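To keep things clear, I will list the structure first and then write my remarks on it.
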Amino acid sequence: MEREPLKNEGLEEKSKNFLEEIIEEDLKSGKHAGRVLTRFPPEPNGYLHIGHAKSICLNFGLAQRYGGKTNLRFDDTNPVKEDIEYVDSIKEDVRWLGFEWANEFYASDYFEQLYEWALVLIRKGLAYVDDQTQEEIRLTRGTVTQAGKNSPYRDRSAEENADLFKRMRAGEFKDGDKVLRAKIDMGHSNMLMRDPILYRILHTDHHRTGDKWCIYPMYDYAHGQSDSLENITHSICTLEFDVHRPLYDWFIEKLEIFPSHQFEFARLNMTYTMMSKRKLLQLVQEKVVMGWDDPRMPTICGLRRRGYTPESIRNFAEKVGVAKRDNVIDISLLEFCLREDLNKRAERRMAVLNPLKVVITNYPDNQVDRLDAVNNPEDETAGKRIVHFSKEFYIEREDFMENPPKKFFRLAIGQEVRLRYAYFIKCTDVVKDSSGNIIELHCTYDPASKGGNSPDGRKVQGTIHWVSAKHAINAEIRLFDRLFSKENPDDVEEGQNWKSSINPESMKITQGFVEPSLASAKPLDKFQFERMGYFTVDYDSKPGSLVINRTTTLKDTWAKISGL
Ligand code: ATP
Ligand code: MG
């Protein structure tokens, strides 16, 4: 069969990852008739995080590259923890990342087929109903060095097992009374092959199947067969499933069904981040954060609210690559990808986060200058806008020092700076309140320096930003820092848990001033506030009361680390 040419130009230049090599081998050898079908299989028990994004980009990316397709399959085999809220959020996040699935499937769609296959295993003498408690089963599993013990119920006849299993389904037994186990080998060197549990009784409603079932398949029993039912060619999962692969293959072999194959890659770990859904849920439930989409969360919806773009996340996933061994990625790589993207797309604006008022004593009282400002030096099509300048304006408190050290090139008494797009100004004196705090600066300006150009070749070293007081609009600005103060939040002193790594100062709120052009900004609009970083309008923002998140500062720590 003729194949479409590879989609990603330039791919050849980059060395291929091991999954690309495997797929290209398979395509060459004609395995699966040149077909590539991957799947992304989330369990709907939480919101997706940046680790899932890596997996999404990998599964969808490989399929795109080789003219294949990807299914979205919800691994909904544990009704206790799953919910439709999570299903909806997962779909939204995958789409937002820029991917569209070929089919939306649910493991629960396969419950009937999985049940039938369990009966096939029973008939073949490869599965049995065990009356032992979960605890007894655990205790008789043995250890890595010691074989386990056979269950006293292991030799039940196929007829008896089939009868008991049907009655399990019919609801005749209570939770925990019985389980269905595969009959493999209690002395197997791989503990997962020691008669693993296939079904347990759970009298719990399922978010899709309601009360139809009171027995539910275990992950290992459902996952591979679901792949097989969908004719998945390359089932990609993270390294910890390596030890599950023999079982994955065992079911496929014994049931004589489509031979999907599992490939493992190293999961994404990132510094200053936690990627356990269970722990993220705790942060939400204990109100450490504002919700799953809190801008400090590593969730996809949190990153979106923070101001991340799909492009920056996809680019990050590409840069991280596909490893065969566990590693930890520096979070500054993610921030680097974000800045790289926002630098191209975010329009520049001026905003003052920590305001100090300045009055130009020699500027006419009612004069207003309309000054040209470039929206984005990286993008000509972004055009220009007008910024208004008047007698009174705000600057950043940190841009003035009463007793400056030698190399302080910003504003100080007697020192001249350039106001971005506007004029050269020189500070003449400061106004203080009764407790000695500086509340206002008095300056003079040079009318001949309009536009910020030197009138006579004299140089000023510093350029600072400002917002005209008369024109400014208020904004609540949320400054975020890392949610955890440790590179590895789990690395804690004895007797403490990961929660002691939470950074108590991860959010600071300031009242700032922004240009009036932001009045019509909508949630998720992104800007670079000159000198201050990238900012994104928050969902909490309303006309007349702007709320803006700091997405990231301008300072790039990745370049330093990587030696770029
Ligand atoms: P759970 O503990 O709930 O199983 P999980 O993170 O494994 O959590 P799943 O919903 O089972 O969540 O994951 C869906 C897919 O995403 C799986 O294929 C899984 O291997 C992959 N995945 C999850 N976490 C990461 C990660 N940190 N890096 C890469 N892939 C991941
Ligand atoms: Mg999982």
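Owing to the predicted nature of the structure, the values given are computational and were not obtained by experimental measurement.
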Under 3.5 Å: donor-acceptor pair, side chain of D330, backbone of L333: no

D540 backbone acceptor or donor facing D538 side chain under 3.5 Å: yes

Any side-chain donor near an acceptor of the partner, K407 and Q461, under 3.5 Å: no

Distance-only polar pair, side chains of H465 and E396, donor-acceptor under 3.5 Å: yes

Mutual orientation of the aromatic rings belonging to F484 and W498 [parallel < 30°, tilted 30-60°, perpendicular > 60°]: tilted

Check against ring pair (Phe, Tyr, Trp, His ring centres under 6.0 Å), F535 and F527: CA-CA 5 Å; F535 291 77; F527 301 95; 9.5 Å; no

Flag side-chain contact, heavy atom, 4.5 Å: I22 against F263: yes

Residue pair M532 / A351: nearest heavy atoms and the distance that separates them: CG-O, 4.2 Å

Atom NZ of K486: over 12 foreign heavy atoms under 6.0 Å: yes

Short side-chain donor-acceptor distance under 3.5 Å, Y272 and D481: no

Polar side-chain atom of R314 near backbone of L97 as donor-acceptor pair, under 3.5 Å: yes

Side chain S276, main chain R278, donor-acceptor under 3.5 Å: yes

Stepwise salt bridge (Lys or Arg N to Asp or Glu O under 4.0 Å) test for E347 and R385: CA-CA 10 Å; E347 291 199 359; R385 71 185 183 289; over 6 Å; no

Closest non-hydrogen atom pair, C443 against I425: SG-CD1, 4.0 Å

CA sep, side-chain torsions, deciding dist, call: V288, D294, side-chain contact (heavy atoms from CB on, under 4.5 Å): CA-CA 10 Å; V288 175; D294 185 294; over 6 Å; no

Exercise: do N354 and E398 side chains pair donor with acceptor under 3.5 Å: yes

Main-chain N/O of N453 paired with S449 side-chain donor or acceptor, under 3.5 Å: no

Centroid-centroid distance, Y394 to F513, less than 6.0 Å: yes

More than 12 heavy atoms from other groups under 6.0 Å of CG on N366: no

Residues, nucleotides or ligands: over 12 heavy atoms within 6.0 Å of R325 CZ: no

N549 and R306 side chains, donor-acceptor separation under 3.5 Å: no

Side-chain donor/acceptor of R39 to backbone N/O of I236, under 3.5 Å: yes

Atom NZ of K69: over 12 foreign heavy atoms under 6.0 Å: no

Full working for salt bridge (Lys or Arg N to Asp or Glu O under 4.0 Å) between D490 and K279: CA-CA 11 Å; D490 279 320; K279 290 176 182 166; 3.2 Å; yes

Steps toward side-chain contact (heavy atoms from CB on, under 4.5 Å) verdict (L268, F316): CA-CA 11 Å; L268 173 70; F316 169 73; 3.9 Å; yes

Distance-only polar pair, side chains of N503 and R482, donor-acceptor under 3.5 Å: no

CG on L281 to CG on L283, rounded to 0.5 Å: 9.0 Å

Sub-6.0 Å ring centroid separation between Y86 and Y47: yes

Proximity of W466 and F389 rings by center, below 6.0 Å: yes

Donor on one side chain, acceptor on other, T444 and T428, under 3.5 Å: no

Within 6.0 angstrom of Q496 CD, more than 12 heavy atoms from elsewhere: yes

R345 with D379: basic N within carboxylate O range, under 4.0 Å: no

Pair Q64-Y66, side-chain donor/acceptor within less than 3.5 Å: no

Donor-acceptor contact below 3.5 Å, side chain D341 vs main chain L338: no

Charged N-O contact under 4.0 Å between K508 and E476: no

Considering all heavy atoms, the nearest L72-K91 contact: CD2-CG, 3.9 Å

Result of checking R410, R531, R418 against T463 for side chain to side chain donor-acceptor pair (under 3.5 Å): R418

Residues E24, R65: salt bridge by 4.0 Å N-O rule: no

I477 side, atom CD1; L353 side, atom CG - distance, nearest 0.5 Å: 4.0 Å

Enclosure of K384 NZ (heavy-atom neighbours >12, cutoff 6.0 Å): no

Salt bridge (Lys or Arg N to Asp or Glu O under 4.0 Å) between E530 and R349, intermediate numbers included: CA-CA 6 Å; E530 298 203 30; R349 292 291 183 270; over 6 Å; no

Heavy-atom side-chain contact between K319 and N315 under 4.5 Å: yes

CA sep, side-chain torsions, deciding dist, call: Q511, N474, side-chain hydrogen bond (donor to acceptor under 3.5 Å, both in side chains): CA-CA 7 Å; Q511 297 297 327; N474 288 306; over 6 Å; no

Heavy-atom closest pair, residues T70 and F40: CG2-N, 4.1 Å

Donor on one side chain, acceptor on other, T552 and R339, under 3.5 Å: yes

Donor-acceptor contact present, side-chain K526 to main-chain L524, <3.5 Å: yes

N78 CG to N45 CG distance, which is reported to the nearest 0.5 Å: 7.5 Å

Donor-acceptor contact below 3.5 Å, side chain R397 vs main chain I438: yes

Electrostatic pair R458:E416 at N-O distance under 4.0 angstrom: yes

Worked verdict on K391 versus D365 for salt bridge (Lys or Arg N to Asp or Glu O under 4.0 Å): CA-CA 6 Å; K391 188 178 178 76; D365 280 356; 3.4 Å; yes

Closest contact, heavy atoms only, R296 versus L483: O-CD2, 3.8 Å

Over 12 non-hydrogen atoms of neighbours within 6.0 angstrom of NZ in K470: yes

Least distance between heavy atoms, A412 atom then C427 atom: O-CB, 3.3 Å

Exam field: side chain N59 to backbone S55, donor-acceptor pair closer than 3.5 Å: yes

Donor on one side chain, acceptor on other, N437 and K432, under 3.5 Å: no

